[in-house]
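See structure below.
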Amino acid sequence: MDKTYQPEQIESRWYERWEADGHFAPSGEGAPYSIMIPPPNVTGSLHMGHAFQDTIMDTLIRWRRMQGHNTLWQVGTDHAGIATQMLVERKIAAEEGKTRFDLGREAFIDKVWEWKHESGGHITRQLRRMGASVDWSRERFTMDDGFYKAVQEVFVRLHQEKLIYRGKRLVNWDPTLHTAISDLEVENRDQQGSFWHFRYPLADGMTTDAGLDHLVVATTRPETLLGDTGVAVNPEDPRYASLVGKFVELPLVGRRIPIVADEHADMDKGSGCVKITPAHDFNDYEVGRRQDLPLINVFSQSAAILTRAEAFDIQGRPLPDIDPSLPEAYAGLDRFEARKRIVADMEAAGLLEQIETISNTLPYGDRSGDVIEPLLTDQWFVAVESLAKPAIEAVEKGDIQFVPKNYENMYFAWMRDLQDWCISRQLWWGHRIPAWYDENGNVYVARSEAEARQKHDLSADLALTQDEDVLDTWFSSGLWTFGTLGWPEQTEELATFHPSSVLVTGFDIIFFWVARMIMLTGKFMGEVPFRQVYVHGLVRDGQGQKMSKSKGNVLDPIDLIDGIDLESLVEKRTGSLMQPQKAKAIAKATRDEFPEGIEPHGTDALRFTFLSQATTGRDIKFDMGRLDGYRNFCNKLWNASRYVLINAEGEDTGLGEDPVELSLADRWIVSRLQQTEAQVTKALEEFRFDHASQALYEFVWNEYCDWYLELSKPVLWDEAASAESKRGTRRTLVRVLEAILRLAHPMMPFISEEIWQRVAPLAGTWQGERDSLMVQPWPESDSTLVDESATRDIEWLKGVIIAVRNIRAEMNIAPGKPLEALLTKGSQEDARRLEANRPFLAKLAKLERAEWLDDPEQAPLSATQLVGEMEVLVPMADLIDKEAELARLAKEIDKQDKLIGGIEKKLGNESFVAKAPEPVVEKERGKLADFQASRRLLVEQRDKIAAL
RNA sequence: AGGACCAUAGCUCAGUUGGUUAGAGCGCCACGUUGACAUCGUGGAGGUCGGCGGUUCAAAUCCGCCUGGUCCUACCA
């Protein structure tokens with residue numbers, strides 16, 4: 001083995017081997033355990049969130065696989081409608097100078113597929129770099145044939161049950177992308193804005209109680225004035241009671257619109273009068289429904305003012321009686337330009353009462369960045385009410401558990417206030433809606449045009465055209481858990497692996513995805529999609545900032561694995577910025593933070609960092625310091641293994657019949673291993689990856705390396721030690737390491753496999769060439785191997801060694817200088833331990849002599865430390881710096897006094913003694929005795945030195 | 001406006017049902033290249049657990065209020 005751990009040399013090699021040997025596929029034996037990967041966008045590249053999530057899933061899958069489960073980690077990618085379409089549109093614009101309309105629908109979709117075949121594998125290659133043990137043989141894509149079939153089936157069946165319907169409704173419209181988007185894709189941003197107060201003249205010579213000839217309404221969107229169909233006042237509002245049922249004359253348009261009484265109008269806000277624009281505002285839509293007001297749409301799909309408005313009733317039926325004409329002055333103007341003109345015209349007409357500056361929140365499309373408009377359009381909807389009920393119950397009954405549990409409240413809150421789900425999108429890339437229209441606008445829903453004709457008995461010469469729209473991406477991903485397993489066929493995989501065991505996902509898509517999976521799976525499978533949902537937080541940068549391209553603080557997991565030089569990193573962060581003026585600041589921040597670029601750390605160290613930071617459900621601040629630390633941990637494990645191999649390869653490791661003797665240290669480390677195995681297993685069961693990684697880290701570094709390896713040296717290097725004891729130590733070295741590697745494997749698959757291949761033959765657990773750590777049994781804790789007495793003896797030994805090291809440090813004695821030590825005032829047991837452990841003390845504490853002193857009075861002047869009741873003395877008459885030592889002792893005595901004072905106060909409190917449980921009181925008394933003993937010793941020592 | 005979560009060492013974080021001398025890693029200081037490892041070893045400094053009040057024999061831990069932060073939902077006609 002190389003002296004230093006070199007991750008890049010081992011990682012790709014092992015991944016290929018595992019995949020080639022078929023270790024990722026289900027074993028077909030044992031209890032099923034399955035995870036469906038949240039399908040990443042096929043356009044995507046691996047970001048820190050993916051890397052984090054994949055690490056958690058892979059750790060779970062590898063662990064369960066080793067436990068003997070029949071594991072399936074289902075992999076696949078999402079076609080990601082809008083994202084992919086935009087990407088390919090940009091590409092053809094750049095390369096061919098064409099729009100998708102130049103190409104036409106079919107040719108454009110061919111282009112998208114072409115792109116997918118060429119570049120769609122980027123993210124899956126990166127997934128391999130993370131070590132993800134997904135079953136590639138079952139890889140799916142949400143637009144593949146089988147999935148298309150499942151999507152159609154679901155659509156047709158829901159439509160048959162009238163759970164899918166089509167209607168003209170107000171939806172969030174993206175004027176740039178020309179499509180409906182869901183509430184969830186709308187990002188609300190706070191802004192400073194103007195709030196215009198307009199006068200609407202009363203018709204027919206009416207006046208208000210205050211004698212005014214107009215009502216005042218206010219709006220942040222003056223352009224919607226053109227679509228007003230009413231003014232609302234509160235039914236309780238005495239100021240306007242006499243005007244209800246009367247009319248105002250809509251300025252600029254001249255339409256008479258009614259004054260209605262509706263609770264939507266808030267008497268305490270502004271004038272108490274509200275303009276009602278049912279076709280352009282969600283609240284007004286509801287008012288329009290209640291008050292039976294017409295809907296007048298004045299916007300085109302690009303949110304420009306129409307030449308002629310479109311009027312409908314609440315059912316979406318045209319209202320031919322309403323005059324659709326709009327002022328010519330605004331025809332074709334963009335909404336923001338129209339806004340300016342309308343404000344100016346209102347002012348010119350003396351109808352602008354005031355302009356207020358307010359802070360308000362505007363909806364933006366998260367893809368286009370454009371301001372979203374509520375727009376009246378024909379869309380397909382899923383009626384969610386009947387689907388939501390069982391989906392809520394599934395969580396209430398505990399059929400699905402959220403980890404951490406508080407996300408259940410978030411889920412309930414959303415599910416109990418669910419609106420019908422608009423599933424149609426005006427895009428080209430996606431699952432085209434399986435609905436056909438004849439010339440009269442009759443709609444036929446079926447799995448294919450042929451089925452539509454057959455089902456509805458349509459003549460072959462009747463022209464049918466398919467609906468132009470595609471389905472919301474989340475409609476298809478809602479079928480992910482069962483669609484990937486072959487549904488609607490009743491496959492064996494479906495029977496075996498559904499419901500899946502756990503869904504690992506970010507809280508940000510609980511609504512988008514988790515809730516919809518639960519609803520659709522409940523409907524079509526009659527069961528839950530997964531039994532548990534492990535919800536993790538966002539991966540933020542070291543300062544707690546969200547990572548984003550525009551901030552230039554993005555870390556690429558692959559760069560953390562392979563390393564990247566500073567110039568490349570700066571180039572990457574500043575290369576394709578939307579706001580190039582930020583480049584300078586980003587470059588500087590990057591140079592300050594990573595003056596040397598980023599060193600390679602390897603996948604295992606990155607994974608271990610994620611796991612160590614994966615505390616329940618909250619966002620994590622990615623800590624580069626930890627990444628370095630865990631890379632060092634890998635190096636530590638690597639070198640400990642080198643030590644073991646150097647001492648065990650080619651030697652007898654106790655596999656044969658020859659007798660074996662286990663030392664105290666051997667029994668102790670085996671005992672501690674059992675406890676560590678139990679800890680790691682428990683932590684994984686509880687999704688406490690931080691605890692699992694920490695338990696492993698501490699055992700490997702603080703016990704196996706720091707103590708056990710050191711304790712093995714005196715045995716292995718002592719010519720006088722027996723063959724049995726050497727055999728026993730070699731066997732323990734190798735077996736414990738082999739168990740460590742199995743324990744580490746789900747968290748750090750590469751390094752553990754690499755080392756295991758060398759160690760397993762020595763431990764007798766290697767089945768030959770093609771054997772892999774991936775398929776070894778998970779270490780089971782054996783409580784019969786827990787050895788309390790060995791633990792006590794080792795604690796004693798460590799205590800004495802640390803005492804001597806302390807004395808060296810305090811007395812400023814060179815670490816390498818051999819010393820003599822005396823042990824005294826202890827028990828028979830202490831004396832026995834000294835006799836048994838002299839070689840260990842000699843090696844680890846650098847003692848050339850260690851003797852038991854029966855009579856403490858005989859002790860020469862010494863530096864002293866307490867181990868339990870026993871004193872450790874290092875005689876050193878010449879070496880003591882009197883003043884410094886007196887000062888140190890005074891400080892120590894003071895410390896003990898404070899501790900003693902605290903406990904005496906506690907024990908002096910009658911109600912403490914009376915009310916606290918007996919063991920607690922006993923413990924305090926014990927502590928008091930210990931502190932007092934320490935103090936006595938310190939005082940004796942002080943007096944001795946003072947007397948010099 | 002309503003709700004959720006968070007606040008522990010310079011930094012990133014653990015801390016089970018209240019009882020610890022409040023822990024880890026990184027960073028910092030001192031010493032050290034002994035035959036696995038300087039990506040290391042040994043020792044050390046560093047915290048009135050955001051503030052105030054309450055419950056209790058006992059509070060980092062439970063309750064209330066306040067401050068600061070993050071996020072979600074709603075509203076802004």
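All values reported here derive from a predicted model rather than from experimental measurement. Lettering follows sequence order; numbering is per chain, from 1. Below, each value reflects all heavy atoms present in this structure, side chains not excepted, and no hydrogens, waters or symmetry copies.
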Could you give the distance separating B:rU55 and B:rC63 at their C1' atoms, to the nearest angstrom?
7 Å
So what does A:K843 hit on the nucleic acid, given a heavy-atom distance under 4.0 Å: a base, only sugar-phosphate, or nothing?
nothing
Want to settle it: does A:A809 or A:K3 sit nearer the 5' end of RNA chain B, counting the closest nucleotide to each?
A:K3
Measure the CG-NE2 distance between A:L696 and A:H691 for me, rounded to the nearest 0.5 Å.
14.5 Å
With a non-hydrogen cut-off below 4.0 angstrom, is A:W638 in contact with a base, only sugar-phosphate, or nothing?
nothing
Just call it for A:W196: base, sugar-phosphate, or nothing, with non-hydrogen atoms closer than 4.0 Å on any strand.
nothing
Within the structure shown, what part of the strands sits under 4.0 Å from A:Q613 by heavy-atom distance: base, sugar-phosphate, or nothing?
sugar-phosphate
Considering only atom P, compute the distance from B:rC65 to B:rC72 and round it to an integer number of Å.
24 Å
Take A:S641 and A:R758, measure what side-chain hydrogen bond (donor to acceptor under 3.5 Å, both in side chains) needs, and give me the verdict at the end.
CA-CA 9 Å; A:S641 305; A:R758 294 282 295 271; over 6 Å; no
For A:L709, answer base if it contacts any base atom (sugar-phosphate contacts may also be present), sugar-phosphate if it contacts only those atoms, and nothing otherwise; contact means non-hydrogen atoms under 4.0 Å.
base
Looking at B:rU70, which nucleotide sits across from it as a Watson-Crick or G-U wobble partner, both distances under 3.5 angstrom, or is there none?
B:rA4
Ring centers of A:Y697, A:Y630 separated by less than 6.0 Å
yes
Euclidean distance for P, B:rG50 against B:rG3 (whole angstrom):
23 Å
May I ask you to say what A:T277 touches in the nucleic acid, namely base, sugar-phosphate or nothing, with a heavy-atom cut-off under 4.0 Å?
nothing
Can you tell me the Watson-Crick or wobble partner of B:rU20, both distances under 3.5 angstrom?
none
Which listed nucleotide (B:rG43, B:rC37, B:rA14) is nearest to the side chain of A:R688?
B:rA14
Between the side chains of A:R925 and A:E922, is the shortest nitrogen-to-carboxylate-oxygen separation below 4.0 Å, so that they form an ion pair?
yes
